[in-house]
Amino acid sequence: TSGKVVYTSVRLYGDLELSSATWAAEAALWGRWLHRGSMVTLGPCSWVVLAGAKFRGVIAHSAGTMVQRVLAKYVSHFSDCMRLHSWLDVIVDAEELEARKTLVTLSMRGCGARSHKER
């Protein structure tokens, strides 16, 4: 995103102003998703939108590849964390950001892929 965007949820103790590098509603890429809050722009904004169903269709064409194996493991880990930690539509703090980075690293193990830190 660029511009000012504020995320609100009954699960937060106030509004959260999103930075330009914030992902929103990542869970919608992996399956059906019911949003847990709302976003409001505070002026002109722009962002990149990926259509979840089309994204999943592209991934389906990569069946049997390393990309598909890594993403399948990531989605499994991501879904577990969504349930266990009640993650919202956006990353709310540095701890959650680190947890998501760890999910990527865990997902790459055993698939023949290496993270940029392991190279």
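With values rounded to the nearest 0.5 angstrom, Glu26 atom CD is found 8.5 Å from Met82 atom CE. Rounded to the nearest 0.5 angstrom, Arg69 CZ and Ser107 OG are separated by 13.0 Å. Rounding to the nearest 0.5 Å gives a distance of 10.5 Å between OG1 of Thr102 and NE2 of His77.
Of the possible polar contacts, none joining the Thr22 side chain to the Leu18 backbone as a donor-acceptor pair under 3.5 Å is found. Counting only distance, with no hydrogens or angles, the side chain of Ser62 and the backbone of Ile59 share a donor-acceptor pair below 3.5 Å. Under a 3.5 Å cut-off, the side chain of Lys73 and the backbone N or O of Val104 do not form any donor-acceptor pair. Looking at Arg11, its side chain never comes within 3.5 Å of a backbone N or O of Leu88 through a donor-acceptor pair. Ser9 contributes no side-chain N or O that, together with a main-chain N or O of Gly37, makes up a donor-acceptor pair within less than 3.5 Å.
Taking the side chain as every heavy atom from C-beta outward, Val5 and Tyr7 never approach each other to under 4.5 Å. Side-chain contact between Arg109 and Leu106 is present, with at least one heavy-atom pair separated by less than 4.5 Å.
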Q: Go through the steps for Trp23 and Asp89 under the test side chain to side chain contact (heavy atoms under 4.5 Å, CB included), then give the verdict.
A: CA-CA 8 Å; Trp23 283 58; Asp89 300 299; over 6 Å; no
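Note on Val40 and Val90: separate hydrophobic clusters, where clusters join Ile, Leu, Val, Met, Phe, Trp and Tyr whose side-chain heavy atoms are under 4.5 Å apart, directly or indirectly. Cluster membership for Leu103 and Met66, using ILVMFWY side-chain heavy atoms within less than 4.5 angstrom, is shared. Residues Leu29 and Ile91 fall into different hydrophobic clusters, defined by Ile, Leu, Val, Met, Phe, Trp and Tyr side chains chained together at heavy-atom separations under 4.5 Å. Under a hydrophobic-cluster definition in which Ile, Leu, Val, Met, Phe, Trp and Tyr are linked whenever side-chain heavy atoms come within less than 4.5 Å, directly or via other members, Leu50 and Val58 are assigned to different clusters. Taking hydrophobic clusters as Ile, Leu, Val, Met, Phe, Trp and Tyr residues chained together by side-chain heavy-atom distances below 4.5 Å, Val6 does not share a cluster with Leu12.
Taking the ring centre of Trp87 as origin, the terminal cationic atom of Arg100 falls inside the region bounded by 6.0 Å and 45° from the ring axis.
Legend: residues meeting salt bridge (Lys or Arg N to Asp or Glu O under 4.0 Å) with Asp15, ordered by chain and number and at least two apart, are absent.
More than 12 heavy-atom neighbours from other residues, nucleotides or ligands sit within 6.0 angstrom of CH2 on Trp30. Counting non-hydrogen atoms of neighbouring residues, nucleotides and ligands closer than 6.0 angstrom, the CG atom of Leu84 exceeds 12 such neighbours.
Between Ala25 and His35, the closest heavy-atom pair is CB-CE1, 3.5 Å.
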